Amino acid sequence: MDNEGIFDVIVIGTGLTESITAAAFARAGFKVAHLDENVYYGGDEASLSFEEYINWATHAKDSTQFSSISLSSSDALPNSRQYSISLSPSVIPAAGPLISSLVASGVSRYGGFRLVEQVAVYSNHEVKTVPGSKEDIFKDKTISLLDKRRLMRFLVFASGDEDFEARTELEGAKADMPFVEFLKTTFSLDQKMAETIAYALSHCVSPSDKALSALRRLRRYLRSAGRYGHSPFLIGQYGSSGEIAQGFCRTAAVAGCVYILGKEISSITRNRNFDESQSSPTYTLTLSDFPETITCDLIVSSESHFPAGLLGNIGDILRIPPAFPATGEETPSTIARGVCIIDQPLSFVSSQESSSSEEGDGQESRPTLDTGIFVFPPSSLSTGAASSAVTVLVVGEGTMSVPKGKWILYLSTSIDTAVSPEQLLKPYLDMTLSLSATSSSDISIIPLFTSFYLQTTFPSSYTTSSTKSSLTTSSRPDHSFGSSLPTILLSPAPPNSPLPDSGDAAAVNAEAIFWEAVKALKSIKASKKLQKTSEGQVPPTVVREEEEELVEIESFWPPVVNEEDDEE
Amino acid sequence: MHGVRRARQSKEALEAKRRKEQSKLRDYLALTDDVLTRKKRNEWSREALHATTQLLQVNPEFYTVWNYRRRILINGVFPESTPEQIKDLLTDDLSLTMEALKIHPKVYWIWTHRGWCLNNVPSRPGISDDGDPRGWEKELWNQELFVVEKLLDADPRNFHAWSYRRLVLESMPVPKLETSELAYTTRKIESNFSNFSAWHQRSKVLSSLWSQGKLDETKSKEEEFDLVHNAMYTDPKDQSVWIYHRWLIGSGDSRDILEREIAIIQSLLEEEPDSKWCMESLVHYKRLLLRNHASSVVTSTLTQDCIKLLDQLRKVDPGRRARYNEIGKVVVIPNCVF
């Protein structure tokens, strides 16, 4: 019974960032406990069955993250368990930190991934597929010759290897110029083309997004194209982000991480002051309806889920800086979301494009899609109120998150003033359904179910009462005992937009926390041993052996060792 | 492989590897010796055949041995075999070459052997057919088309495969429709137009369709110009596109077409002022105008244009400046533009 409740680190919340971190800790050999007050994995990024979703919507009133939740009906559709509705849907770039972590940790083997088939953009009552490659541009009959040249020239520039800041195209103050303006002036692209690039290729959020950061983001996506297929984006089956978080939790559990779900934390006590001996654990946590207390030397949590009010006396908090710095403007902290379920297929190929194909089978059928992204540039819809881009993510049965014959549409847009998400997003939903309907008749698609809500990223202006909370990652004094060891690591919530970034941001943040934690834990362990020897409990020779035992952790995930001959 | 730690090999392991390679080498040389000795004495036995199989599996580039193998089959094995047995032997050889092609898709001798096998299939009715006397050949040639298509999917620029494809299309007892072949080239070009072989095939198919009157040449050429403009503007650096364009222009008989194309290329040059291919093509086409339509163009302007372009070419493509100098000398001689 002695060692059961004693952990090196306790991770609070099973969102994607924390799940990746817990898995990395467990695989590196630390004793980890992973807590979540919900009974499901994934936290704010969870994927829920239909009934679970309805349950969540009805009971989330106390949540600080979610608000203004509306449901078109409180009855779940049949086959509830075949739905996996994501609270924070996202797509994964085919090349990037998340995919690397998925592969290196082995979590990618737990489930499948689908490529997003198409990206389309809204323009003047039309839906237009977005060319993403040289082949697309060559074949596109709606772009003029001159525009093809200019677009290609820009894409070659955007996918180049050199640092953008060193390029002549960005001389002067161009780096801070709004991206759309930059495209028009430096690359002679017209408004429509510039908007397509900015909002549907680079996934900018607002017209003020700056050129340099947009270019860097675009390059990441361009480099993802072609890796697993034409499209740069993958979506995890069985419910994207929530399922992936769960996958990391599974791998953590296999490596010995202890999971406690559905229990709220009732108290967190710091056991000693900074200067006292370090031989007892730093924190003791009690959970409601849970008999034992659990202890640890380090706490890891997301900023938004950290139960700050519960701390006895606050220790040193270290905040990990966000992975992808804000897009030039202060990132809005609230996103309006919509979930819509339909039972008819959609198509992004306009009838003009499909009827000019060579085969000409005269069927008027437009190829339907299983997964796709449809982007409304800011202010593109006269009936819409959004000053940010609106993204519609369509997922079908191929993603295994919806029964056969059904599709989920996820709508999202950033907002900076309080609005009703339903009022804001409904015109976009209606337009999407009317433009993408495949039957040539006028019957518009009627959704089977809709739900809207607001999701707020916890403001990072959280203040503590401790004077030591102003530690930054750069200035870290190197003591082995000492008062400036952080014992609480907080990660920023992943950005809610653009769509493809939250997963990669989670992976980058997780790795940053991991290394900070390793540093902190090593120091704590070393000082404990030193303490033990100075108290005469352990002879010095044994200490040295144990120190060597502290395995050098060289990489985020344990490497795969290949013993076979190198045969080509 | 990335991210995989190489297990450091001990001295013993390296030594063992070297010894393994030495023994492989010895086996190979012994086998070669054996085969060539049999060949010298014109042995056509089954053992000889088997020996060549072994050797060719290790080294399919050994064309002498392919030759020997064919002579064994013709002189030794076929005379003693029924047509069914011959077909089976040839089918075996097709499998052998197929395996070899997967690893070495660009070895001439594997392709020629395959062609030889198919050309030696006895004329017999096949299993499914309604008494078609060339049934076996039909089946095997149809399969060949499928094989070549798979290889072209894997590497669309493998000119061996394209050349073989032409052989197959010619030899098939029931020929494929040329219009469907045209569609095939369209597919390949659309998936990646940086493909000399696909454009080349297209030119062959179109020429054939035009000469047979199955496609209206003028209209078809217009569509081809349209296609090539899209490629040109998408990637002006791709040489295969410019070569195809030059084929379309041909000897420059139509002044209208020449002038139109010159204008289109000129616009592209304005967008891409350093494009060597634009400049080179403009010089070539203006010279065609000078040669074929001297009476209806302003020769002095065209000549000046060429001189200016050649100047720019020397700067942009200094490696070929001697050639541009030569052209410059010739272009100013009236009535002797080329």
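All values derive from a computational prediction rather than experimental measurement.
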- Item | Pairing residues for B:R187 by the salt bridge (Lys or Arg N to Asp or Glu O under 4.0 Å) criterion, not counting sequence neighbours | none
- Item | Other residues, nucleotides, ligands: >12 heavy atoms within 6.0 Å of B:K150 NZ | no
- Derivation of the side-chain contact (heavy atoms from CB on, under 4.5 Å) call for B:E271 and A:R153: CA-CA 10 Å; B:E271 270 302 301; A:R153 192 189 310 131; 2.8 Å; yes
- Item | B:R260 atom CZ, over 12 foreign heavy atoms within 6.0 Å | yes
- Item | Heavy-atom proximity to chain A below 4.5 Å, by part of B:L268 | side chain
- Query: Do B:D235 and A:F138 pass the side-chain contact (heavy atoms from CB on, under 4.5 Å) test, and can you show the C-alpha distance, the side-chain angles, and the key distance before you say yes or no?
  - Reply: CA-CA 9 Å; B:D235 187 4; A:F138 172 55; over 6 Å; no
- Close side-chain approach of A:K134 to B:T234, heavy-atom, < 4.5 Å: yes
- Message: Are there residues of residues 192-211 of chain B whose heavy atoms fall under 4.5 Å of chain A's heavy atoms? If so, which?
- Response: B:N192, B:F193
- Test log, rule side-chain contact (heavy atoms from CB on, under 4.5 Å), inputs A:E135 and B:E190: CA-CA 6 Å; A:E135 290 70 45; B:E190 278 183 351; over 6 Å; no
- Looking at A:L146, A:D136, A:I143, which has the largest count of heavy-atom pairs under 4.5 Å with chain B? A:L146
- Query: By ring pair (Phe, Tyr, Trp, His ring centres under 6.0 Å), which residues pair with B:Y108, not counting sequence neighbours?
  - Reply: B:H160
- What distance do A:R149 atom CZ and B:S267 atom OG have between them, rounded to the nearest 0.5 Å? 13.5 Å
- Query: Looking at residues at least two apart in the chain, or sitting in another chain, which of them share a ring pair (Phe, Tyr, Trp, His ring centres under 6.0 Å) with A:F157?
  - Reply: A:F164, A:F187
- Query: Does a sphere of radius 6.0 Å around NZ in A:K192 hold more than 12 heavy atoms from other residues, nucleotides or ligands, not counting ones at 6.0 Å or beyond?
  - Reply: no
- Between atom CE of A:M152 and atom NZ of B:K237, what is the distance when rounded to the nearest 0.5 Å? 9.5 Å
